[in-house]
Undergrad: 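So that we are looking at the same thing, I have put the structure below in structure tokens.
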Protein chains: 4
Amino acid sequence: MNTLRNSVRLVGNLGMDPEVKTFDSNKKMVRVSLATNESYKNDKGEKITDTTWHNLVFWNTTAKLAEDLLKKGDEVAIEGKLANRNYVDKEGVKRYVSEIVVNDFLKVGAKG
Amino acid sequence: MNTLRNSVRLVGNLGMDPEVKTFDSNKKMVRVSLATNESYKNDKGEKITDTTWHNLVFWNTTAKLAEDLLKKGDEVAIEGKLANRNYVDKEGVKRYVSEIVVNDFLKVGAKG
Amino acid sequence: MNTLRNSVRLVGNLGMDPEVKTFDSNKKMVRVSLATNESYKNDKGEKITDTTWHNLVFWNTTAKLAEDLLKKGDEVAIEGKLANRNYVDKEGVKRYVSEIVVNDFLKVGAKG
Amino acid sequence: MNTLRNSVRLVGNLGMDPEVKTFDSNKKMVRVSLATNESYKNDKGEKITDTTWHNLVFWNTTAKLAEDLLKKGDEVAIEGKLANRNYVDKEGVKRYVSEIVVNDFLKVGAKG
DNA sequence: TTTT
DNA sequence: TTTT
């Protein structure tokens, strides 16, 4: 768990219910997207909110907990690592995806 | 600098010299890619090294420092935030890129 | 803001209302203590909760926000740096205190 | 390893060789102090360096690695958690100590 | 008690 | 494309 070389921490809201995938070998994977919001005032003094969406992946015991505890709208704090993946889409174009493999998470906020 | 909502920390090596871009409005941007290496032993006891490549972006004063201090091969610690960007490539395909906008960096290691 | 060399992140609950101190030079300082709780099961399968208390210090604009927004019981996420201080107590014994100087905080949870 | 609730990250230099203590129950503990240095310019433009000393504690396998790899002067990155401890000193005065229990460390810099 |  |  090389947390000193590659570590991400986010606090944000889930945009969807967790998507669960179970493999033959009783491995479990959960995917969910999380939005982080950043607010600032622009030149005209208007409040602007930038939203960034992040692809989260949970494995095994962490996936089981995510499946049981998390749902759309929840405010969640996570610690994980950045990972890249690539695949070929339906049009035959190679696509690159950056994901966050979650090591630990925490439900925060009122929604729970 | 909403570091509690969106924060990445990496320690790794630069795969290239910094690419510098200066805009009309005396703004400066630097791009560089950084590799984080994770080692583990597989089922057969062989040592495996996984490398993940990260796209780093530096702006303004941080960009100036990066241009002056960093070069290919350097070991660097960074703190930044995740950001997404999209563009249309030469074939007209919409591409999504995940980048790390660097707030602070530190040269570590012997190469300095 | 040398966040790469010295950085603390905590999520916990405030044990008291913020204590505000204003100096001549319109500087403001706020102190508050925060508890982090860690749960685990002991050898007998009993759930044990360890609580650690942390001394937080806020300065100036961050202090103003802390004074306005925080109160006893709130769940709060903070980012800061470790600092040491010493003083001589009433019995003339030199005392050392470790504190966290807060750079940024976030109210999380329902209590707000 | 509740790294979301209580996490410290430091990059600094060791002020001493590791002190190793082995217990009956083949448990191992290592203590070492680490200095973090912060530089800034004061009102007169003089460069000031503030040093903060941190008490690090390593247990078991991490302690074994620290004993083997670390020595006085080394530049080290660590991730750990804050913990408090108290004891009665020789004069019968109750003393409180704040320590960092290290989860993971990385030798950085040239000394290795 | 470290380091730059 | 880096490094150990």
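Chain letters run A, B, ... following the sequence lines, proteins first and then strands; every chain starts at 1.
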Undergrad: Take atom CG of B:Asp74 and atom P of F:dT3, then tell me their distance rounded to the nearest Å.
TA: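 That distance rounds to 10 Å.
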Undergrad: Give the nucleotide from the list F:dT1, F:dT3, E:dT1 with an atom nearest to the side chain of D:Lys72.
TA: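 Of F:dT1, F:dT3, E:dT1, E:dT1 is nearest to the side chain of D:Lys72.
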Undergrad: Rounded to whole angstroms, how far apart are CD on D:Glu75 and C1' on E:dT3?
TA: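 Rounded to the whole Å, the gap is 8 Å.
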Undergrad: Please state whether the rings of C:Phe23 and C:Trp59 are parallel, tilted or perpendicular, taking 30° and 60° as the class boundaries.
TA: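 Parallel.
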Undergrad: Would you say B:Lys81 and B:Thr3 make side-chain contact, with heavy atoms under 4.5 Å?
TA: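 No, too far: nothing below the 4.5 Å cut-off.
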Undergrad: To the nearest angstrom, how far is D:Asp17 atom CG from E:dT1 atom C1'?
TA: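 Going from CG in D:Asp17 over to C1' in E:dT1 covers 11 Å.
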Undergrad: Determine whether any donor atom in the side chain of B:Thr51 lies under 3.5 Å from an acceptor atom in the base of F:dT2, or the reverse, and answer yes or no.
TA: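 Yes, a donor-acceptor pair under 3.5 Å.
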Undergrad: Whole angstroms only, please: what is the CG-P distance between D:Asn13 and E:dT2?
TA: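 Whole-Å distance recorded here is 10 Å.
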Undergrad: To the nearest Å, give me how far apart CG (D:Asp50) and P (E:dT1) are.
TA: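 It is 19 Å, rounded to the nearest whole Å.
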Undergrad: Report the residue (D:Asn55 or D:Lys47) whose heavy-atom-nearest nucleotide on DNA chain E is the more 5′ of the two.
TA: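 This one resolves to D:Asn55.
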Undergrad: Excluding sequence neighbours, so at least two apart, what forms side chain to side chain donor-acceptor pair (under 3.5 Å) with B:Lys64?
TA: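 B:Lys64 satisfies side chain to side chain donor-acceptor pair (under 3.5 Å) with B:Asp68 once adjacent residues are dropped.
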Undergrad: Which pairs pass salt bridge (Lys or Arg N to Asp or Glu O under 4.0 Å) with one or both residues in residues 90-103 of chain B, sequence neighbours excluded?
TA: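 Found B:Arg31-B:Glu99, B:Arg85-B:Glu99, B:Asp89-B:Arg95.
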Undergrad: How many Å lie between OH on A:Tyr96 and P on F:dT1, as a whole number?
TA: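 Atom OH in A:Tyr96 sits about 13 Å away from atom P in F:dT1.
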Undergrad: In whole angstrom, what separates D:Arg31's CZ from E:dT2's P?
TA: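 Rounded to whole Å, this separation is 20 Å.
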Undergrad: Within this structure, what is the CG-to-P distance between A:Asn84 and F:dT2, rounded to whole angstrom?
TA: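 To the nearest whole Å, that distance equals 17 Å.
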Undergrad: Between D:His54 and D:Thr49, who's closer to the 5' end of DNA chain E by nearest nucleotide?
TA: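 The residue closer to the strand's 5' end, by nearest nucleotide, is D:His54.
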Undergrad: Look at the side chain of D:Asn37 and the base of E:dT3, then say whether one donor and one acceptor between them are separated by less than 3.5 Å.
TA: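 Flag set: donor-acceptor pair detected.
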